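Owing to the predicted nature of the structure, the values given are computational and were not obtained by experimental measurement.
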Amino acid sequence: MVGLFWIAEGDVYVGAKPVGLAPGVRLTPEGILALGDRQTGMWPWEDVHALAIDDVPVRSLKRNVGVAVDLVLTVGLGGGDEAPTMTVRLTDAEGAETELTAYTAAAIGYSQKEYDLSRELLSRLTEGAGSLLTTLTAMSDWGRRHEGGSPRAGEREALLREWAAGAP
């Protein structure tokens, strides 16, 4: 996990990699792929004018306490196992919006810095084919080299800065 992205086996997802019929969003060189039981579709990059993420849990002391209480109530009292979700919003050239759902990958939320850098990176992906391919290739290559773990916060932030700047 790097910022809002889950990178596994060279595949890049916004949020957690979906399992089974769970909702998810995969970023491919061809476009944005909606995954899951209640959302399907493929949006070629040339049709995507803007890409944004809403409802992202950003860490704060208040949020950490709230998540801890929710976990106690959910797990300790036999409640459901619903994971938090976020909304991935695509806007096409005509201004039409499509909302997709993805599970968050960070149990207690993302840092404000990683959230901001991830938004910057998503914006870069809509700048054009050159930026898109360079960025997704760098992310995928990193994922293939670093299977099985998430780097520490400082390294995650450095990777997001590098990818958002277009450096390989």
inquiry  = Looking at Arg156, is its backbone amide N or carbonyl O close enough to the side chain of Glu114 to form a donor-acceptor pair, meaning the two atoms are under 3.5 Å apart?
reply    = no
message = So that I can tick it off, tell me whether Glu157 and Lys113 are bridged by a salt bridge, with the cut-off set at under 4.0 angstrom between side-chain N and carboxylate O.
response = no
Ser123 side chain vs Arg119 backbone, donor-acceptor pair below 3.5 Å = no
Minimum heavy-atom distance Gly15-Trp6, with the two atoms named = O-CB, 3.0 Å
inquiry  = Determine whether a donor-acceptor pair (N or O, by modelled atom type, separation under 3.5 Å) exists between the side chain of Tyr115 and the backbone of Arg59.
reply    = no
key: Separation of Leu125 CG from Glu120 CD (nearest 0.5 Å)   = 11.5 Å
query = Do the non-hydrogen side-chain atoms of Trp43 and Asp92 ever get within less than 4.5 Å of each other?
reply = no
query = Under a 4.5 Å cut-off applied to non-hydrogen side-chain atoms, are Ile7 and Trp142 in contact?
reply = yes
request  = Check each of Val14, Leu90, Leu33, Thr40 against Leu100 using the side chain to side chain contact (heavy atoms under 4.5 Å, CB included) test, and report the only one that passes.
outcome  = Leu90
query = Do side-chain atoms of Ser118 reach the backbone of Gly3 as a donor and acceptor pair under 3.5 angstrom?
reply = no
task = Give the minimum heavy-atom separation between Met1 and Ala106, together with the two atoms involved.
result = SD-N, 4.0 Å
message = Tell me the closest heavy-atom pair linking Val25 and Thr101, and the distance in Å.
response = CG2-O, 4.1 Å
ask   = Taking it one step at a time, do Arg161 and Leu117 satisfy side chain to side chain contact (heavy atoms under 4.5 Å, CB included)?
value = CA-CA 7 Å; Arg161 272 190 210 90; Leu117 289 167; 3.7 Å; yes
request  = Answer yes or no: is there a side-chain heavy-atom contact under 4.5 Å between Leu4 and Val56?
outcome  = yes
ask   = So which heavy atom on Ser111 is nearest to which on Val58, and how close?
value = C-CG1, 4.2 Å
key: Interatomic distance, Leu136 atom CG to Thr28 atom OG1 [nearest 0.5 angstrom]   = 7.5 Å
message = Tell me whether Glu155 is salt-bridged to Arg152, with the criterion being a basic N under 4.0 Å from an acidic carboxylate O.
response = no
query = Roughly how far, to the nearest 0.5 Å, is the CG atom of Leu21 from the CG atom of Asp37?
reply = 5.0 Å
request  = Evaluate the side-chain proximity of Arg89 to Leu51: yes if any heavy-atom separation is below 4.5 Å, no if none is.
outcome  = no
key: Whether over 12 other heavy atoms sit under 6.0 Å from His146 NE2   = yes
message = Are Tyr13 and Pro18 packed together at the side-chain level, in the sense that at least one heavy-atom pair is separated by less than 4.5 angstrom?
response = yes
inquiry  = What I'd like to find out is whether the side chain of Leu121 reaches to under 4.5 Å of the side chain of Phe5, using heavy atoms alone.
reply    = yes
request  = Indicate yes or no: at least one non-hydrogen side-chain atom of Thr104 is less than 4.5 angstrom from one of Thr85.
outcome  = no
query = Shared ILVMFWY cluster between Leu160 and Leu133, side chains joined below 4.5 angstrom?
reply = no
inquiry  = Ignoring hydrogens, what is the shortest heavy-atom contact between Pro29 and Trp45? Give both atom names and the distance.
reply    = O-CD1, 3.3 Å
request  = Write down the atom of His49, the atom of Ala93, and the distance for their closest heavy-atom approach.
outcome  = CB-N, 3.8 Å
key: Polar side-chain atom of Thr135 near backbone of Ser131 as donor-acceptor pair, under 3.5 Å   = yes
inquiry  = Between Arg144 and Glu9, does any NZ, NE, NH1 or NH2 come within less than 4.0 Å of an OD or OE carboxylate oxygen?
reply    = no
task = Mind checking the OG1-CG spacing from Thr126 to Asp47? Nearest 0.5 Å is all I need.
result = 13.0 Å
query = Looking at CD of Glu99 and OG1 of Thr87, how far apart are the two atoms once the value is rounded to the nearest 0.5 Å?
reply = 5.5 Å
ask   = So, are Arg26 and Asp11 salt-bridged, with charged N and O less than 4.0 Å apart?
value = yes
ask   = Under 4.5 Å between any side-chain heavy atoms of Met139 and Val2, yes or no?
value = no
